[in-house]
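Chain naming here is simple, since letters A, B, ... match the order of the sequence lines and numbering starts at 1 in each. Quantities reported herein were computed from a predicted structural model and do not represent experimental measurements.
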Protein chains: 2
Amino acid sequence: MTTEKLPNGNIESAKQVGNLVAFHRKEQGLTQADLAGLAQTGTRFISDLENGKGTVQFDKVMLILNLLGLDIRITERS
Amino acid sequence: MTTEKLPNGNIESAKQVGNLVAFHRKEQGLTQADLAGLAQTGTRFISDLENGKGTVQFDKVMLILNLLGLDIRITERS
DNA sequence: TATTATAATTCCCGAACGGGAATAAAAATT
DNA sequence: AATTTTTATTCCCGTTCGGGAATTATAATA
């Protein structure tokens, strides 16, 4: 897997979100199966998400970010 | 339509995103058809999104936010 | 209030999500 | 290197998205 830098600024792609999810999941010592269990979803969804699949459902993404203690903020472009 | 306050802080629901989209779209003098055209999608998707449908596709949501000049930022919960 | 513009809802339906389970691949640990 | 754990990929298949178009409802303007 190509190690990509984590986005410090704005999110521009689903792949960046996937990287964030994978990073913070591991940071908390969780496997994909763990996170899938917490989110009441399947491991395939977690895998898809972490690999940057853009067509995943929006609310599921929000749920995962929430479970990992990540906040989403939307602001006007400066 | 119930006028709801726009979220100043973190996004917690798809409905909040929908409110943001609707607000900024109108602010820029765009109709749903206009925005749908820009995003190469249909008016039904815009309507669904603005009404808080959570199962819309993640990358489409990002595209719309982008087109409206809105930035997405994901940070660790303080 | 009448008229017009905009938005929401419904229908049909092809395309694709996503769960579960199994397998393959990759990573980690000893 | 061998074993074990974790992750990725594939399959089957029910469910649902989402486009287009038409209709209904709502909002806006004269």
Side-chain angles (χ1 to χ4, degrees), chain A residues 1-7 11-70 72 74 76, chain B residues 1-7 11-70 72 74 76:
Chain A
M1 192 184 72
T2 16
T3 309
E4 233 173 274
K5 205 177 56 177
L6 288 178
I11 298 298
E12 286 160 2
S13 71
K15 182 70 187 143
Q16 290 181 329
V17 177
N19 287 336
L20 270 172
V21 168
F23 177 83
H24 288 279
R25 172 181 61 78
K26 290 173 189 168
E27 193 182 40
Q28 299 175 31
L30 299 172
T31 66
Q32 291 186 342
D34 291 335
L35 187 52
L38 288 174
Q40 309 229 60
T41 180
T43 59
R44 223 204 30 182
F45 173 76
I46 305 295
S47 179
D48 285 344
L49 173 59
E50 293 188 355
N51 282 287
K53 187 178 187 180
T55 53
V56 290
Q57 296 183 357
F58 181 54
D59 54 358
K60 279 202 183 1
V61 179
M62 290 210 297
L63 172 61
I64 295 294
L65 292 174
N66 231 326
L67 287 173
L68 290 175
L70 299 173
I72 311 168
I74 299 178
E76 298 182 33
Chain B
M1 191 185 74
T2 14
T3 310
E4 234 174 273
K5 206 178 56 177
L6 288 178
I11 298 298
E12 287 159 1
S13 71
K15 181 70 187 146
Q16 289 181 329
V17 177
N19 287 337
L20 271 173
V21 167
F23 178 82
H24 287 281
R25 173 181 60 77
K26 290 172 189 169
E27 192 181 40
Q28 298 175 30
L30 299 172
T31 66
Q32 290 187 340
D34 290 336
L35 188 53
L38 289 173
Q40 309 229 59
T41 179
T43 58
R44 225 205 28 182
F45 173 75
I46 305 295
S47 180
D48 285 345
L49 172 59
E50 293 190 354
N51 282 287
K53 189 179 187 181
T55 52
V56 291
Q57 296 183 358
F58 181 54
D59 55 359
K60 278 200 179 14
V61 179
M62 290 209 298
L63 172 60
I64 295 294
L65 292 174
N66 231 325
L67 288 173
L68 291 174
L70 299 173
I72 310 168
I74 299 177
E76 298 182 33

| query | Would a 4.5 Å heavy-atom cut-off, applied to side chains only, mark B:V61 and A:V61 as touching? | reply |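 With C-beta onward as the side chain, the pair stays apart.
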Do B:V17 and A:I72 have side-chain heavy atoms sitting under 4.5 Å apart? no
Write down the distance between [atom1] ([X]) and [atom2] ([N]), rounded to a whole number of angstrom.
{"X": "A:E50", "N": "C:dA25", "atom1": "CD", "atom2": "P", "value": "21 Å"}
{"X": "B:N51", "N": "D:dA25", "atom1": "CG", "atom2": "P", "value": "16 Å"}
{"X": "B:L35", "N": "C:dA8", "atom1": "CG", "atom2": "P", "value": "12 Å"}
{"X": "A:K26", "N": "D:dA8", "atom1": "NZ", "atom2": "C1'", "value": "12 Å"}
{"X": "A:R25", "N": "D:dT5", "atom1": "CZ", "atom2": "P", "value": "17 Å"}
{"X": "B:Q32", "N": "D:dA21", "atom1": "CD", "atom2": "P", "value": "17 Å"}
{"X": "B:D34", "N": "C:dT6", "atom1": "CG", "atom2": "P", "value": "8 Å"}
{"X": "A:D59", "N": "D:dC17", "atom1": "CG", "atom2": "P", "value": "10 Å"}

With A:K60 via side-chain hydrogen bond (donor to acceptor under 3.5 Å, both in side chains) - residues at least two apart:
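If we apply the side-chain hydrogen bond (donor to acceptor under 3.5 Å, both in side chains) test to A:K60, skipping adjacent residues, there are no hits.
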*Distance check: side-chain N/O of B:S47 vs OP1/OP2 of C:dA8, anything under 4.0 Å?*
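Answer is yes, contact under 4.0 Å.
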**Item:** side chain to side chain contact (heavy atoms under 4.5 Å, CB included) partners for B:A39, two or more places apart
**Value:**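 With sequence neighbours excluded, B:A39 shows a side chain to side chain contact (heavy atoms under 4.5 Å, CB included) to B:T41, B:L63, B:I64, B:L67, given in chain and number order.
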The side chain to side chain contact (heavy atoms under 4.5 Å, CB included) partners of B:E12 (sequence neighbours excluded) come to B:Q16
**Item:** Rounded to 10 degrees, the angle between the two terminal axes of the helix from C:dT1-D:dA30 to C:dT30-D:dA1, each from five pairs
**Value:**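 Roughly 70° between the end axes, to the nearest 10°.
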Any protein N or O atoms within reach of nucleotides 13-15 of chain D? Criterion: under 3.5 Å, listing atom names and distances.
none

Taking every non-hydrogen atom, the tightest pair across [X] and [Y]:
{"X": "A:A14", "Y": "A:G54", "value": "CB-CA, 3.8 Å"}
{"X": "A:A36", "Y": "A:T43", "value": "CB-N, 3.8 Å"}
{"X": "B:Q32", "Y": "B:R25", "value": "N-NH1, 3.5 Å"}

From the list B:L70, B:V21, B:L68, side chain to side chain contact (heavy atoms under 4.5 Å, CB included) with A:I74 holds only for B:L70
With A:F58 as partner, the option from B:T55, B:V56, B:L49 fulfilling side chain to side chain contact (heavy atoms under 4.5 Å, CB included) is B:V56
With sugar-phosphate taken as primed atoms, P, OP1 and OP2 and all else as base, the protein-contact string of nucleotides 15-20 of chain C at under 4.0 Å (heavy atoms; B, S, -) is --SBBB
Checklist entry - Between B:D48 and B:F45, is there a donor-acceptor pair closer than 3.5 Å when you use the side chain of the first and the backbone of the second? => result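 Between the backbone of B:F45 and the side chain of B:D48 there is no qualifying donor-acceptor contact (under 3.5 Å).
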